[in-house]
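Okay, so here's the structure we're looking at.
So you know, we letter chains A, B, ... as the sequences are listed, proteins then strands, and number each from 1. Model, not experiment: these values are computed from the prediction.
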Amino acid sequence: MKKVVEVFLLFLLLVFTPHAKGTGNSPPGKPTLNRCRSPEKETFTCWWEPGSDGGLPTTFALYYRKETSETVYECPDYHTAGKNSCFFNKNDTSIWVNYNITVVATNALGSTFSDPVDIDVVYIVKPNPPERVTVIVLEDKSWPFLRVSWEPPHKADTRSGWITLVYQIRVKLEQEKDWETHHAGQQKMFNVFSLRSGGTYLVQVRCKPDHGFWSEWSSTSYVKVPDYFHREKSVWILIMVFSAFIFLILTWLLHMNSHSLKHCILPPVPGPKIKGFDNQLLKNGKSEELFSALVVSDFPPTTSYNYEDLLVEYLEVNVPEEQELMLEENKDLHDGCLKSECSTSDSDSGRGSCDSHTLLMDKCGEAKEEERQTDQERMGTEAEDMVSPDMSSGRVKTWPSVFSPLPQYSSNTLDEQSSLEMAKQHYLSDSQFLPSSTSSYLTQPGHGTKEALGPSYWEFCLSNKQPHLLHPQTQARQQLQAHSDVDISSIGRKQAPAGLQSPLLRPTEYVEVQRVNEEDMVHLQPVVSGCGQNNCSPQMPQGEDYSKVKGVDSDNVLLLQRNMMEEDRCPCEHQETNGVKENCYTSSTVTTTQKPTAMPVQDEMVLGMNGYVDTATMCILPTY
Amino acid sequence: MKNVWFPSLTLLCLELSMRVGTAPICAYGQTGCHVPTLADLFDRVIQQSSRMHGISSDLHSEFEQYFFPSKNLIGKRKCHTYGILTPDDKENAQRLGREQLTEVILRLLGAWGDPMSQLYQSMSRDQNQDFNHYSSNKALEISDMVHELRDGVAKMTEKMKQFGVLGNTVGNISPESLVPSSALSSYTQGEFNSLDHHDLLYCFRRDSNKVKNYLRILKCTTLPGLDC
């Protein structure tokens, strides 16, 4: 048994012994000195890296030798700086002295020296990072910037000048990855410009002695930059709004003055100026009217004209002197006569001039004004309506006024042939103040004699279209009209009491000329059925031919003859120039030159009125 | 002749008229020149020393790269300025006082004037083309700067004496007392090799750093401002 145990133990020994030797009990590996650093140039620390330990616990020792002496010293402090380090305090540290340091690793089997390292503390200074780094945001003329300030590490004595540190700052936005580095020199404050608004910035500082190593970066300081971009944007918005406003104003001004600008830039080409040339007519395309304006008055009319339209419209009427005087009392010359709207332009190119048209015109104007004053509102439009269709009918252009006031006659007293010649010689005036005249005249019968005399007048309607030419002739016309009016009215009145109602009831009849037959007879036709003059019966049928022109006697008197249809044939059909059968109601003929016996009218031309014909002022063509 | 005469006259007139209003700088305040303040002097001196140190560092690192990559030959040198006792600690330096600190600075600067010019001469004379032209120029620049800096510090010392900051004992230093003659003699013999160059540069680099640091300490104790 013992033998077995011994053999077993021996066996165990044999087994384990070589094993124990095999794990490498060797002297330790060679340590290496990593680095030596001094934070303030007053102390320094060296660190080493141990080699393989050789399987045995290894101890390290650091030995150093100063340049000036041969004495070898060991590291005074192995623990302050941590493991595998040696800390040299102030007493052991000499500046500008070369240290020769060696580390020795020792284990049971041996020791190993590291390679010696020569250091001079001046050149191994690596300070601590700057302390108390503060970052604030300041504004420079409404643009923000960062002000970074710090303090040197508290161990480094820069105050006495023992160490001189230079600093470095780096800045970056939170979301970016690249830093922006700034060199600050020896100052302890730095401004960072060109910031992005609304961002968060990271700031770090580090330092270095003038010959040494850079310190570590300080801890990060975060700072948020306020939003100044909105202010910038609002300025831009303001500028845009302002410029848009100015642009609008300019556009509006341009638009307002576009016409004048157009004149400036593109001046209109001056066109030809021809007297009487109306551009508007040309534009309208009515070349007829346009060229007719250019036509000289005595230019012979073309064949296209309707000769009927060119009837002579004027009859010369000799007004007795007394009436002239009476009429002259009413001295309101008015321009109304001339202002009458001879609106319808008749195509009558003929334009004659009466020698005595001045007389006629004056009378016309005078009387007309009075008429107007009294009864302007009455029947003005009505009469006008009556007149204008006559005018436009083309049959009798220029004479409606002649035959009105009592009845309205279309002055178609002449046929075409004679009308031409008449046109050449017409005197009078103009026209259509029919409304006033007619209206005034219509109401005349209701009034007294004087009244009838006074305001009554007729007017001629000029065949021409330029009433203003005849302006100076209004006087004559008025006179003439007045005379004739008087005559007519007197005539009418005389006849009236013969068998009719009161003068008040005596109506006036309008007559329009229906036609002119070849025998130079004017067929008249009553327009309004009123109390007829001749018969003065309300039942006077319309559509009755009033009268037809019988002829013109030697005294240039137009003889009218009433053309009775069936009954009511006036026995007095013919009336001589000098005779007026006033009692004949049904007399249909009225001579223009009929003298009213009731009135001391001495004018030769009397328009005997049974309400037919108002021929007060007529120009009678001798030729027809 | 006429063509040359007129432009030259014009140029002369222009030059006279274009003189800017800055007056030349003078140390003693003669009329017509701008006298720098003590702060200005300090700033200039410190800048100069810093620049000098930078150039020497560059030169030394060049040497180390090209000639001594292994760094095995370091440790046996002795700088010729070892005789100048310099404070190797902040406390020591602060304990020294202004006058002594100024003296140390002046001594250091005085000790390096000649060796640097000799270094330059040796480097430019080298037939092996070991040094490129750029390096020899740096050596020349350093030697010039040493001289300028010494003059500048001397002027500054005078100014400080005027202000009563420094006592009157400063500045009366003879060049020979600064550096032991034995050390200097080896340099004057002109036997420089590349090893010598390297050692020289190493020593100078350190001494220029000392000068720079001492000047800064001097400034901050004399004129404490926002730089300190």
Problem - B:Y202 and A:N98: side chain donor to acceptor below 3.5 Å - result: yes
Exercise for the section: Select one option (side chain, backbone, both, neither) describing which atoms of B:P224 are under 4.5 Å from chain A's heavy atoms. Expected result: neither
Handout entry: Ion pair check, B:K212 and A:D210, cut-off under 4.0 Å
Key = yes
Practice task
Working to the nearest 0.5 Å, report the span between CZ of B:R216 and CH2 of A:W162.
Solution key: 12.5 Å
Exercise for the section: May I ask you to test the A:R159-B:C220 pair for a side-chain heavy-atom distance under 4.5 Å? Expected result: no
Handout entry: Over 12 foreign heavy atoms within 6.0 Å of NE2, A:H79
Key = no
Practice task
Find the one option among B:H53, B:K219, B:R206 whose heavy-atom pairs under 4.5 Å with chain A are most numerous.
Solution key: B:R206
Handout entry: Which portion of B:K210 sits near chain A, non-hydrogen atoms under 4.5 angstrom
Key = both
Exercise for the section: Rounded to the nearest 0.5 Å, what's the gap from CD on B:E91 to CD on A:E42? Could you check? Expected result: 6.0 Å
Handout entry: Check: A:W96 ring centroid to B:Y82 ring centroid under 6.0 Å
Key = no
Exercise for the section: Establish, yes or no, whether the cationic atom of B:R205 lies under 6.0 Å from the six-membered ring centre of A:Y123 and within 45° of the ring axis. Expected result: yes
Completion exercise
Looking only at heavy atoms, the pair that brings B:N213 and A:G161 closest together is OD1-O, 3.5 Å
Practice task
Taking atom CD of A:E151 as the centre, report whether more than 12 heavy atoms of other residues, nucleotides or ligands fall under 6.0 Å from it.
Solution key: yes
Exercise for the section: Look at atom CZ of B:R51 and say whether more than 12 heavy atoms of other residues, nucleotides or ligands are closer to it than 6.0 Å. Expected result: no
Completion exercise
Value for SG (B:C228) from CD (A:Q186), rounded to nearest 0.5 Å, stands at 9.0 Å
Problem - Residues, nucleotides or ligands: over 12 heavy atoms within 6.0 Å of A:K155 NZ - result: no
Exercise for the section: Check whether any side-chain heavy atom of A:K90 sits under 4.5 Å from a side-chain heavy atom of B:D89, and report yes or no. Expected result: no
